S.K.: 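Below you'll find the structure I mean.
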Number of protein chains: 2
Amino acid sequence: MSNCKEIRIVDIAKMAGVSVGTVDRVIHNRGRVSAANYTRVMTVLKEVDYRPNMVARSLASKKVYHIVVIIPAYAPGEYWEYISRGVDRAVEDFRQYHLSVTKLYFDQFNEASFESLLRDIKLDEVDGVLLGTLFYDLVCSFSKELDARKIPYVYVDSDIPGERRMAFIGTDSLVGGQIAARILFRNITKEADILMARIVHTGAESTQAKNRLSGFNAYLTSIDYKGCMYRVDLDLSDDRHNYEILDAIFHEHPNIKAAVIFNSKAYIVGEYLKNRNRKDISLVGYDLIEKNAQLLEEGYIEALIDQRPRMQGYMGVKLLCERLILNGEIGNNNLLPIDILIKENYKFSETY
Amino acid sequence: MSNCKEIRIVDIAKMAGVSVGTVDRVIHNRGRVSAANYTRVMTVLKEVDYRPNMVARSLASKKVYHIVVIIPAYAPGEYWEYISRGVDRAVEDFRQYHLSVTKLYFDQFNEASFESLLRDIKLDEVDGVLLGTLFYDLVCSFSKELDARKIPYVYVDSDIPGERRMAFIGTDSLVGGQIAARILFRNITKEADILMARIVHTGAESTQAKNRLSGFNAYLTSIDYKGCMYRVDLDLSDDRHNYEILDAIFHEHPNIKAAVIFNSKAYIVGEYLKNRNRKDISLVGYDLIEKNAQLLEEGYIEALIDQRPRMQGYMGVKLLCERLILNGEIGNNNLLPIDILIKENYKFSETY
DNA sequence: ATGTTTGATGTGTGCGCACACACATTTGTT
DNA sequence: AACAAATGTGTGTGCGCACACATCAAACAT
């Protein structure tokens with residue numbers, strides 16, 4: 001079925017009428033090969049579609065590949081923890097290949113922390129970067145620097161299409177927003193009002209959230225939505241404040257039948273609904289983090305839209321490995337599936 | 001972060017005061033080691049948590065692992081094709097590890113074909129088996145034989161819990177049924193009638209389908225369903241016959257608002273609905289095969305419940321590899337996530 | 001002319017392991 | 001007792017490759 005005899009360097013050497021050293025030089029572009037021999041070896045390589053034995057290569061090579069993972073610091077149970085776990089998993093899977101992964105954390109609410117972190121990286125010792133793309137401008141300038149040094153880098157979470165990233169790993173946020181709308185409108189009529197809660201901590205709203213809103217709105221337009229969307233800004237830690245706001249808006253607009261939050265903090269509204277004992281509001285949020293899972297189980301969150309964070313982390317490292325070690329070209333767009341998680345199926349999520 | 005100096009066999013040997021040969025014999029249980037040295041080496045192995053360098057091992061070893069994959073033959077675009085693709089992907093990923101995978105196909109509508117296929121396998125040359133569990137009794141007796149020979153085997157698709165399979169890879173069919181019900185009842189009231197179509201080809205109904213029905217019924221009970229379920233048997237290839245039956249039942253019971261099919265053939269009803277231009281029936285089925293995808297896109301299938309067939313195939317081979325090569329113990333239950341696919345998200349499915 | 005740099009090429013060693021084999025020791029047999 | 005068989009133990013080789021090094025010829029400078 002598979003294998004058979006693989007072609008080795010010695011075979012190539014014999015075929016091309018040179019020594020293994022020459023073949024080696026050609027393969028690794030080390031120079032010091034005459035033009036005649038170079039083409040001769042290249043011809044043979046192409047002819048037999050030579051694929052190096054990675055196992056032997058990895059055993060012989062002393063080269064250690066340094067991959068830097070730059071993501072926000074996270075508290076236990078938060079979204080980025082799952083991405084981080086995916087990275088860990090990949091490290092375990094590829095530990096034999098002389099892989100060294102260093103995780104660097106910045107404060108996602110503090111752009112300066114990201115900036116100083118970037119400044120402190122000694123890029124001379126870095127072979128690849130996995131980058132959480134939260135701060136648009138800084139990511140762009142950093143990308144330019146990586147371009148200049150020819151260090152491959154992969155974006156995770158949300159994409160910045162203009163840049164020369166080797167790959168983007170994540171979901172299509174626009175579609176993610178459409179799906180939220182689609183789910184909501186299974187439960188409510190197009191005349192019902194909808195609450196959209198934003199969770200503010202700093203002034204900035206993430207690109208993700210913006211794109212999701214766009215997708216959501218696109219869906220509303222497509223079904224000729226007749227209701228009204230109300231927006232509230234909640235605080236990540238001030239529950240009393242949030243409850244006041246939510247009480248007010250629900251009282252003022254009794255026609256609100258659904259709520260949506262475009263980041264992973266749906267539990268803030270979910271816990272409110274639980275406290276007020278209201279199951280008449282269809283709440284849809286994003287990302288299966290612990291607090292959301294609990295509320296999904298109890299029925300206060302209708303559905304969560306998940307983007308397989310562990311797989312994101314895993315694939316990020318895997319792609320960099322394949323690029324660095326295999327030297328292989330890979331597709332530069334790895335849109336991951338968008339999962340719809342409900343009470344029944346969330347438990348099985350992310351086996352990988 | 002990771003790596004550092006790994007402990008090698010020579011290190012172990014030095015620590016235990018023996019030669020590498022002795023350590024090797026202990027590691028591989030080849031015998032010919034005195035009790036004293038055995039325990040001494042074992043102690044050291046445990047102490048340092050020795051983890052063999054799989055890269056070196058694989059390079060040195062000439063042993064080829066033969067894995068046999070036994071699944072139904074499939075036409076292009078059918079369900080088992082996706083499982084097969086997952087197997088292929090795994091073969092590619094692990095090709096360096098002296099892996100030989102042989103796929104054997106049987107006729108899923110002909111038990112005898114499965115039986116004769118099993119009989120012809122020369123088990124002496126087989127190191128692991130991935131087995132599609134369609135024919136209960138034959139799978140059981142074959143499993144006994146594999147037990148006797150201590151050949152690890154993995155079930156794929158549906159489980160037979162009594163057996164000593166190394167692992168089962170697939171979804172929880174019961175939950176799969178519940179989810180179908182859950183989705184339907186977002187669109188219909190609990191007074192509406194439901195059509196359940198079975199696709200007959202042989203008399204047998206799959207365990208999968210039975211379990212899904214159980215889960216579906218459990219959900220009906222839980223919500224105190226007031227409507228009526230009608231069952232029809234359709235033919236896989238006789239469209240005219242199917243249309244007559246469907247016309248009749250829909251005419252006779254206009255209160256039917258939804259339909260469910262517990263295998264991958266939802267397209268049979270979906271195509272009927274398309275032909276009759278009816279979008280008022282909520283149709284839910286299983287598995288993202290080509291024909292279903294088309295109807296999902298066009299809106300004649302409301303949702304598909306997917307069981308990540310490619311991942312099933314991939315993980316099946318991967319688990320066997322890890323067991324054979326790593327010799328590692330692995331969890332014996334690998335329930336995969338159940339995906340809810342709708343028009344918006346099906347396109348991204350199964351990137352892996 | 002002789003030394004010196006430079007480029008082109010081949011050879012040798014070791015990565016960590018599996019496994020064959022040589023050798024040493026004990027046990028069993030008549 | 002002698003000698004075979006079984007059991008214990010260490011050494012050596014090679015898997016396919018990367019990379020340091022040795023070799024050798026040609027080009028250049030003094």
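If you're wondering where the values come from, they're calculated on a predicted model, not measured in any experiment. Proteins come first, then strands; the chains are lettered A, B, ... in the order of their sequence lines, and each starts at number 1.
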S.K.: Check whether any side-chain heavy atom of W80(A) lies under 4.5 Å from a side-chain heavy atom of D157(A), and answer yes or no.
M.R.: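 Side-chain contact under 4.5 Å: yes.
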S.K.: For Y97(A), which contact category applies under a 4.0 Å heavy-atom criterion: base, sugar-phosphate, or nothing?
M.R.: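 No contact.
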S.K.: Of I12(B), V10(B), D11(B), which meets side-chain contact (heavy atoms from CB on, under 4.5 Å) against V20(B)?
M.R.: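 Looking at I12(B), V10(B), D11(B), the match for V20(B) under the side-chain contact (heavy atoms from CB on, under 4.5 Å) is V10(B).
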S.K.: Any carboxylate oxygen within less than 4.0 angstrom of a Lys/Arg side-chain nitrogen, looking at K150(A) and D127(A)?
M.R.: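 Answer for the salt bridge query: no.
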S.K.: Going 5' to 3' along DNA chain D, which are the first and last nucleotides with any atom under 4.0 Å from a heavy atom of chain B?
M.R.: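 Boundary nucleotides touching chain B, in 5' to 3' order, are dT7(D) to dG16(D).
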S.K.: If a pair means Watson-Crick or G-U wobble with both distances below 3.5 Å, what does DNA chain C look like in dot-bracket form, with | marking bases paired to a different strand?
M.R.: .||||||||||||||||||||||||||||.
S.K.: Classify the angle between the aromatic ring planes of Y155(A) and Y153(A) as parallel (below 30°), tilted (30 to 60°) or perpendicular (above 60°).
M.R.: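 Because their plane-to-plane angle lies in the 30° to 60° range, the rings of Y155(A) and Y153(A) count as tilted.
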S.K.: Are side-chain heavy atoms of I67(A) and S100(A) found at a separation under 4.5 Å?
M.R.: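 No, side chains not in contact.
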S.K.: About how many Å separate CD1 of I121(A) and OG of S116(A), when rounded to the nearest 0.5 Å?
M.R.: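 S116(A) OG to I121(A) CD1: 10.0 Å, rounded to 0.5 Å.
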S.K.: Would you say that N37(B) contacts R25(B) through its side chain, given a criterion of any heavy-atom pair below 4.5 Å between the two side chains?
M.R.: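 Side-chain contact under 4.5 Å: no.
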S.K.: Closer to the 5' end of DNA chain D via nearest nucleotide, is it K62(A) or L59(A)?
M.R.: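 The answer here is L59(A).
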S.K.: So, S84(B) and Y74(B): side-chain donor and acceptor under 3.5 Å apart, yes or no?
M.R.: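 Note: S84(B) and Y74(B) side chains meet the donor-acceptor criterion.
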S.K.: Can you list, in residue-number order, the parts of residues 19-43 of chain A that come under 4.0 Å of DNA chain D, counting heavy atoms only?
M.R.: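 D24(A), H28(A), R30(A), in order of number.
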S.K.: Is a side-chain donor-acceptor pair under 3.5 Å present for D88(A) with Y314(A)?
M.R.: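 There is no such pair (donor and acceptor under 3.5 Å, judged by atom type) between the side chains of Y314(A) and D88(A).
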S.K.: Does K63(B) count as lying over the ring of Y65(B), i.e. NZ or CZ under 6.0 Å from the six-ring centre, within 45 degrees of the axis?
M.R.: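 That pair qualifies as a cation-pi contact.
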S.K.: More 5' along DNA chain C: G17(A) or S61(B), using each one's nearest nucleotide?
M.R.: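 Per heavy-atom nearest nucleotide, the more 5' residue is G17(A).
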